[in-house]
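Throughout, residue positions are numbered sequentially from 1 according to the sequence presented.
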Amino acid sequence: KTAYEIRLSLVGSEMCIRDSSKFIRINNSEEEMNLVTVCGHNTTMLYHMLKHYYLHMDEIFVVLYAHHSKDPIIEQGLEILDKFNLQPHEIIVDEPFNWEKVTEYYNEVKLLKPNDWWIVADDDELQLYSKPIETIVQECEEFGYEFVTGGFVDRIGDNGDFPKITKESNLWEEMPEAGFFRYPLSKACPNKVTMMKGSVKVCSGQHYVEFPDGTSSWGSEHPKRYPIEKNFTQVHHFKWDYSVLDRLQQVGKSSIGESWGEEYQLMYDEIKDNINTLLSNEIKKTDKIPPAQEIQFKKMIAISFVKHG
C-alpha cells in the first residue's frame, strides 16, 4: 500500500487499542493481559509507548537494559516509569546491542504467567489491531490459537524528516508518513509475533514462534496462529526519529554477532551513499558546496520512502 492508503486504513483500526477499556475478562477467567518491553540504549520513545498501552493492560513489565552501571537510561527510565506509577521489573547491565539477550528477557518474563496473554513490544513499537484485543483473545481461546502475528509499518516525519521527539510530542502527528522501507534497505525481517500466551517462546527479534521440537512458525500459516485474514497486527515502528543515525552507526560498528551489525551498517551506508548523490547534484545545480548541515541524512529516507514505501 502507499503511505496514503495506509493512513486511510488506520481510521478504524487505531481505535481497537488506543480507545478501548481495560482488558475484559474472558468467561470470568483469572487470566490477564500483560505487556512486556525491554528499553535499552535510549528512552526517547518509552514514555509514548507506555502511554499507548497503559490503560489496556492488567500489568506492565519493563526491563531496563543498561550497558554499564552508570548508564543514563537507568535514571531516565525510572523517571518515566514513575509517571505511570510503575517500577522496573528488572534492571539489567549487559553488553550493548545483543538482541538475543533481549529476546531471552522477553521469554523469561512471560513465563512468570504462562497461562496469561501477553503483548510483546519493543519500546518504539506501537501496535494496532483490527478488532478489540479481548475479541481476538476470546476467539483464540475458543479455537486453540496461541499467538497473533503482524508486520512492521515504518513511521517517519513529513518529507522524510527525522523529527525530535519529546514527551510533549504527538507521535502520530510528528511522524505521519507510514510505509515499508526497512526491508528493502537492509533485508530486515518485517514479521512480528505481537500477542501470545506466556508459555509461547519467541525467537530472536520476536519475528517467529520457536517450538520445543526446534521448528518455528515461519511460513504462511500455522495451526496455533490466529488467522491473518482475521487480524494482521500493524506494528507501527517509530524508529526513525532524530537519534536514529547515531544508533545505526553504533550498532553497525558493534562486534557482537547477535546485534546484526551488518544489517545496520547496510542501512547507514545506503543513507550515506544517497547523501553523496544529493550533495553532488546540489553542487552541479548551484556551483557551490552547501553547508554540511543542509545536506541531511533525512533526505535519503525521503528518497527511499518514495522508492520503497
Side-chain angles (χ1 to χ4, degrees), residues 1 3 5-21 23-24 26 33-38 45 48-58 60 103 106-107 110 116-155 171-172 175 178-183 188-198 200-210 216-239:
K1 288 186 176 181
E5 289 172 327
I6 290 174
R7 283 200 298 273
L8 285 180
S9 73
L10 298 184
V11 173
S13 61
E14 282 191 39
M15 306 297 288
C16 290
I17 190 165
R18 294 175 69 193
D19 296 330
S20 65
S21 59
F23 182 67
I24 299 172
I26 304 301
M33 175 59 71
N34 309 289
L35 169 73
V36 58
T37 190
V38 176
M45 296 295 176
H48 298 283
M49 187 266 196
L50 293 175
K51 184 178 178 182
H52 179 75
Y53 295 103
Y54 180 69
L55 294 177
H56 320 295
M57 300 295 114
D58 289 294
I60 294 177
T103 301
Y106 282 136
N107 285 324
K110 290 192 296 89
D116 280 4
W117 282 90
W118 292 78
I119 284 180
V120 175
D122 291 340
D123 61 1
D124 57 4
E125 297 173 358
L126 275 58
Q127 300 174 7
L128 299 178
Y129 292 80
S130 61
K131 60 182 77 174
I133 54 176
E134 59 267 20
T135 300
I136 295 175
V137 168
Q138 186 171 17
E139 292 177 4
C140 286
E141 294 284 357
E142 182 178 353
F143 296 103
Y145 304 124
E146 294 184 354
F147 62 97
V148 181
T149 60
F152 276 132
V153 179
D154 293 302
R155 301 294 296 228
L171 286 188
W172 306 94
M175 305 175 83
F180 180 64
F181 54 79
R182 187 176 172 187
Y183 175 78
C189 181
N191 299 309
K192 299 291 284 190
V193 183
T194 60
M195 186 164 64
M196 70 217 72
K197 283 280 196 176
V200 172
K201 184 178 181 180
V202 290
C203 65
S204 185
Q206 302 79 252
H207 299 301
Y208 302 102
V209 169
E210 185 176 298
S216 75
S217 61
W218 184 91
S220 59
E221 58 184 33
H222 190 278
K224 296 292 185 181
R225 173 185 182 177
Y226 187 71
I228 60 174
E229 296 81 10
K230 292 173 174 270
N231 175 83
F232 193 70
T233 311
Q234 299 173 4
V235 182
H236 291 262
H237 199 198
F238 290 88
K239 178 187 186 73

Exercise for review: Using modelled atom types only, decide if a donor and an acceptor are shared between the side chain of Arg155 and the backbone of His236 within a distance under 3.5 Å.
Suggested key: no
**Study point:** Val209 side chain reached by Met196 side chain, heavy atoms, under 4.5 Å
**Key:** no
Review point. Taking atom SG of Cys189 and atom NE2 of His207, what is their separation to the nearest 0.5 Å?
Key: 5.0 Å
Practice item. Let me know which of Asp116, Ile119, Ile60 forms a side-chain contact (heavy atoms from CB on, under 4.5 Å) with Asn34. Key: Asp116
**Study point:** Closest contact, heavy atoms only, Ala178 versus Val153
**Key:** CB-CG1, 3.7 Å
Check your understanding: For the residue pair Phe180 and Pro190, what are the closest heavy atoms and their distance?
Key -> CE1-CB, 3.5 Å
Practice item. Take Val137 and Met195 through the test side-chain contact (heavy atoms from CB on, under 4.5 Å) and record every step on the way to the result. Key: CA-CA 9 Å; Val137 168; Met195 186 164 64; 4.1 Å; yes
Point to revise | Value rounded to 0.5 Å, distance of OG in Ser217 from NZ in Lys224 | key: 13.5 Å
Check your understanding: Can you name the closest pair of heavy atoms from Ala121 and Tyr106 and give their distance?
Key -> O-OH, 3.4 Å
Check your understanding: Any idea how Tyr226 and Tyr145 line up, ring-wise: parallel (<30°), tilted (30 to 60°), or perpendicular (>60°)?
Key -> perpendicular
Review point. Between Leu35 and Met49, is any pair of side-chain heavy atoms under 4.5 Å apart?
Key: yes
Check your understanding: Met45 and Leu171: which non-hydrogen atoms are nearest, and at how many Å?
Key -> SD-CD2, 3.8 Å
**Study point:** Passing option when Gln206 is tested against Asn191, Thr103, Thr194, Asn107 for side chain to side chain donor-acceptor pair (under 3.5 Å)
**Key:** Thr103
Point to revise | Sub-4.5 Å side-chain heavy-atom contact between Lys51 and Leu126 | key: no
Exercise for review: Carefully, step by step, assess Ser130 and Asn231 under the rule side-chain hydrogen bond (donor to acceptor under 3.5 Å, both in side chains).
Suggested key: CA-CA 6 Å; Ser130 61; Asn231 175 83; 3.0 Å; yes
**Study point:** Trp117 side chain reached by Ile133 side chain, heavy atoms, under 4.5 Å
**Key:** no
Review point. Counting N and O atoms only, with roles assigned by atom type, does the side chain of Tyr53 sit under 3.5 Å from a partner on the main chain of Gln127, one being a donor and the other an acceptor?
Key: yes
Point to revise | Sub-6.0 Å ring centroid separation between Trp172 and Phe238 | key: yes
Practice item. Examine distances only and state if a side-chain atom of Lys110 and a backbone atom of Val200 form a donor-acceptor pair shorter than 3.5 Å. Key: yes
Practice item. Mark yes or no for whether His237, through its side chain, and Lys239, through its backbone, hold a donor-acceptor pair below 3.5 Å. Key: no
Study note, to complete from the structure: One should read off an interatomic distance between Met57 CE and Leu50 CG, to the nearest 0.5 angstrom, of 11.0 Å
Exercise for review: Might you point out which heavy atoms bring Arg225 and Phe232 nearest each other, and give the distance in Å?
Suggested key: NH2-CE1, 3.8 Å
Exercise for review: Identify which one of Val120, Thr233, Asp122, Thr149 satisfies the side-chain contact (heavy atoms from CB on, under 4.5 Å) criterion when paired with Lys192.
Suggested key: Asp122
Check your understanding: Please walk me through it: do Phe152 and Glu125 pass side-chain contact (heavy atoms from CB on, under 4.5 Å)?
Key -> CA-CA 9 Å; Phe152 276 132; Glu125 297 173 358; 3.5 Å; yes
Point to revise | Taking every non-hydrogen atom, the tightest pair across His56 and Met33 | key: O-CG, 4.3 Å
